[in-house]
Amino acid sequence: MSITPPLPAIDPDTQAFWDGAKRGELLIQRCTQCDEHQFYPRLRCVRCGGAVQWIRASGDARVYTYTVVHRAAHEAFAPLVPYVVALVDLAEGPRMMSRLRVTPEDVRIGLEVRVAFERQSDDVTLPIFEAQTR
Amino acid sequence: VYLLGSGTATTHEAITSMPEITETAARASGALAFARAGMRPVDVDVVEVYDSFTITVVLTLEDLGFCAKGEGGAFVSDGRIAPGGAFPLNTSGGGLSYTHPGMFGVFLLIEAVRQLRGEAGARQVNGARTALCHGTGGQLSTAATVILGLDAR
């Protein structure tokens, strides 16, 4: 992409996640008390309030729902249209929003996908998802 | 114009944390408001709901009980919500057709009061005695339902 897309602001709560993405690792949080996994990153477990630790997710996920974007929300995304934005359910449980590297023709609810990474800047690498190949 | 009942509810913050993506907090806020007003959806003459997007309206009407889950699309079809239609909805034109300056919710209340006072001019719903307003906030996260009427209960 020649035009830089809007990038997320990195803060102390999310620093570990972005550091992981730069290494090609999808990090999520797990509660040290109740073992619940959560994403997006938060200070404490939203289920029981316990302390959380970062773990590396398997990267396997399944499409919960999706939409196809035909009109780019930002000029940086114009070369990508039509592209797919989805909610995917990670194998560990949490649901996250991501762009899919899957065509509108091929995407469907329940599609098994796996994380991949796209470098955007020195600081930000974005996790995206692509179809699992067996 | 009297406030007959109201209810608020919140289900999540980020859309990824929404428990069920086709069910909004309107279900809980609507149930509270109807219970406090001692009314049912069929008792409402004019409906003003926040319309950030088309889907917001469809989900809201379903969750408030005006139609069954999954039937909202058919419910608003065939001119039912058009001017003069059987289901007076967003009679000002709504955020999608009239204006959405941000903080649109107060416009819902203003339009409902105008309808109940008989001050709505060419878009007046004849005989309107009750109205429901519903606001949605966050990412389909928070809901507030207000039921207004001309008769104190």
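Convention: sequence-line order gives letters A, B, ...; per-chain numbering from 1. For the numbers below, each heavy atom of this structure counts, side chains included, while hydrogens, waters and symmetry mates do not.
For the pair Phe39(A)/Thr16(B), no side-chain contact is recorded, criterion being any heavy-atom separation below 4.5 Å from C-beta on.
Crowding of Glu23(B) atom CD: a count of heavy atoms from other residues, nucleotides or ligands under 6.0 Å exceeding 12.
Summarising the geometry, atom CE belonging to Met96(A) is positioned 12.0 Å from atom OG belonging to Ser17(B); distances are rounded to the nearest 0.5 Å.
Hydrophobic clustering places Trp18(A) together with Leu7(A) (ILVMFWY residues linked when any side-chain heavy atoms are closer than 4.5 Å, directly or through intermediates). Hydrophobic clustering keeps Val146(B) apart from Val49(B) (ILVMFWY residues linked when any side-chain heavy atoms are closer than 4.5 Å, directly or through intermediates). Tracing side-chain contacts under 4.5 Å through hydrophobic residues (I, L, V, M, F, W, Y), one never reaches Ile110(B) starting from Val1(B); they form parts of separate clusters.
Closest heavy-atom contact between Arg95(A) and Met18(B): NH1-O, 3.6 Å.
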